[in-house]
Amino acid sequence: MRIATWNVNSIKARLPTVLEVLKGINADVVCLQELKCETNAFPYLEIEEQGWNCAIHGQKTYNGVAILSKHPLEEVSREMSTLKDDQARYVEAMVMAERPVRVAGIYVPNGNPAPGEKYDYKLEWMDALERHTATMLRDEQPFVICGDYNVIPAAEDCWDDTVWNTDALGLPETRAAFRRLKYLGLTEAFETCDGRAHQYTFWDYQAGAFQKDHGIRIDHVLACPRMADRLTACEIFKKARAMEKPSDHVPLIAEFAD
């Protein structure tokens, strides 16, 4: 099973690119972030024509998350058990493959400017995710949590840590919150399967960042122990960033043995 995560940065504005990338990554499940459209405005027809089942949590202009699956989706939830949130940042569903797996798609708040209310909200959100994940672990169902975490895990995950370690994505408190989440017993797919420094999933549109490879790694797939036992590979689909009208993020794809 191939499970991908991708921040599309407006699905309606980039729909032709999204459709092309969805074909190219050959995934069974894809978590999308930053849809930037309301649930009923999602391009269901075009996506479903490719054979996807859709679970959408949309919001006008901002945020928005989705789970696309080649298998039926059941038990769809659009909020964590630990946080009442008026922003569309969480969606969860059971993917009814031959070996069913629960998939959570997340879009963690950016948190800038930090310090401030937006950064407080980011840390609150990450704390709620940690507590919700602990509940999922107690349920002992196989699961993965995929998305734009807006976390640069370590200095080697950005092109210049002196630029990013004062940003909300790279502050010590942010990195510590991410470590606490992993220390519950989760495995970070890319770190485990590849682990090379300076491999990125995001390049800003400004100042030729992609051409200079001035990127950051902020999109992650975390797997519970039962799914980590099945983890076989993880890759960054970098060529999506060079396509026409690209997102500033690219897909991250984790592969699990059937």
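The figures that follow rest on heavy atoms only: side chains count, while hydrogens, waters and symmetry mates do not. In this chain, residues are counted from 1 in sequence order.
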Which distance, rounded to the nearest 0.5 Å, do you find between the CD of E188 and the CZ of R217? 4.5 Å
Approximate separation, where rounding is to 0.5 Å, of I11 CD1 and K36 NZ: 12.5 Å
Under 4.0 Å between a side-chain nitrogen and a carboxylate oxygen: does that hold for K60 and E38? no
Salt-bridge present (D213, K238; N to O < 4.0 Å): yes
In the single-linkage hydrophobic clustering (I, L, V, M, F, W, Y; side-chain heavy atoms under 4.5 Å), do V30 and L73 co-cluster? no
Interatomic distance, I106 atom CD1 to E92 atom CD [nearest 0.5 angstrom]: 11.5 Å
Angle between ring planes, H214 versus W159, binned at 30° and 60°: parallel, tilted or perpendicular? parallel
With rounding to the nearest 0.5 angstrom, report the CG to CD1 distance, L68 to I56. 6.0 Å
Taking 4.0 angstrom as the limit, do E34 and R14 come out as a salt bridge? no
Drop me the distance from D157's CG to L169's CG, to the nearest 0.5 angstrom. 12.0 Å
Using side-chain heavy atoms (C-beta onward) and a distance below 4.5 Å, is D258 in contact with M1? yes
Any salt bridge between K212 and D160, counting N to O under 4.0 Å? no
Quick one: does I145's side chain get under 4.5 Å of Y90's, heavy atoms only? no
With F42 via ring pair (Phe, Tyr, Trp, His ring centres under 6.0 Å) - residues at least two apart: Y44
D194 side chain reached by C234 side chain, heavy atoms, under 4.5 Å: no
CD (E20) with more than 12 external heavy atoms under 6.0 Å: no
Quick one: do T17 and E244 satisfy side chain to side chain donor-acceptor pair (under 3.5 Å)? Show the steps, please. CA-CA 7 Å; T17 303; E244 185 176 352; over 6 Å; no
Provide the closest heavy-atom pair for F210 versus A242 in the form atom of the first, atom of the second, distance. CE2-CB, 4.0 Å
Of all heavy-atom pairs between N150 and T174, which one has the smallest distance, and what is that distance? O-CG2, 4.2 Å
Give the ring-plane orientation class for F178 versus H220, where under 30° counts as parallel, over 60° as perpendicular and anything between as tilted. tilted
